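Let me begin by presenting the structure, written as structure tokens, before commenting on it.
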Amino acid sequence: MAIPALNHPCWQRLASGGLSKLRTQHLGTQLLAKRIERSTDPLPARAAELHAFFTKWERILPTEVAQLTTL
């Protein structure tokens with residue numbers, strides 16, 4: 001499954017709390033989720049950071065990528 005475009009609404013949902021529902025065993029993803037959850041950055045900046053992370057690690061996170069549009 002391909003990574004949704006940066007303008008897809010899933011990134012805004014994930015950055016505003018939806019990331020806590022992501023099922024993952026990947027430590028890096030878990031740490032990113034906690035950092036995004038506590039971040040005071042504006043929502044678009046958090047969404048862009050999430051998009052960049054999943055774009056970079058798409059090949060090793062297929063289970064997580066498959067969940068992105070459903071959360």
Side-chain angles (χ1 to χ4, degrees):
M1 176 172 204
I3 299 288
L6 182 56
N7 61 356
H8 192 282
C10 72
W11 300 113
Q12 299 290 323
R13 285 194 310 266
L14 290 168
S16 63
L19 201 55
S20 63
K21 299 174 188 165
L22 184 72
R23 293 184 321 271
T24 184
Q25 294 296 317
H26 187 257
L27 180 61
T29 306
Q30 292 170 355
L31 292 172
L32 174 70
K34 288 295 181 187
R35 191 164 52 73
I36 291 291
E37 197 176 281
R38 296 178 181 155
S39 176
T40 59
D41 291 341
L43 189 60
R46 288 182 280 163
E49 185 175 353
L50 287 170
H51 182 267
F53 176 84
F54 282 103
T55 300
K56 180 176 181 178
W57 299 106
E58 176 180 11
R59 288 189 287 184
I60 65 166
L61 298 172
T63 306
E64 290 81 353
V65 169
Q67 297 176 57
L68 292 176
T69 58
T70 63
L71 297 175

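Sequential numbering from 1 along the given sequence is applied to the chain's residues. Treat the numbers as computed from the prediction; the structure is a model and nothing was measured.
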Option passing side chain to side chain contact (heavy atoms under 4.5 Å, CB included) with Thr24 (candidates Leu32, Thr63, Thr29)
Thr29
Can you give me the closest heavy-atom contact between [X] and [Y], atom names plus distance?
| X | Y | result |
| --- | --- | --- |
| Ala47 | Gln12 | CB-NE2, 3.8 Å |
| Cys10 | Thr69 | CB-CA, 4.1 Å |
| Glu37 | Ser20 | OE1-CB, 4.1 Å |

Calculate, to the nearest 0.5 Å, the distance between atoms [atom1] and [atom2] belonging to [X] and [Y] respectively.
| X | Y | atom1 | atom2 | answer |
| --- | --- | --- | --- | --- |
| Lys34 | Leu31 | NZ | CG | 10.0 Å |
| Glu64 | Leu22 | CD | CG | 6.0 Å |
| Leu61 | Thr55 | CG | OG1 | 11.0 Å |

I'd like to know if the side chain of Arg46 reaches the main chain of Ala15, judged simply by a donor and an acceptor atom lying under 3.5 Å from each other, with no hydrogens or angles considered.
yes
Between [X] and [Y], is any pair of side-chain heavy atoms under 4.5 Å apart?
| X | Y | value |
| --- | --- | --- |
| Leu19 | Leu71 | no |
| Trp11 | Leu14 | yes |
| Thr70 | Gln67 | yes |
| His26 | Ile60 | yes |

Please evaluate residues Ile3 and Val65 with respect to the criterion side chain to side chain contact (heavy atoms under 4.5 Å, CB included), reporting the C-alpha separation (whole Å), side-chain torsions for both, the decisive distance (0.1 Å), and the verdict.
CA-CA 7 Å; Ile3 299 288; Val65 169; 3.7 Å; yes
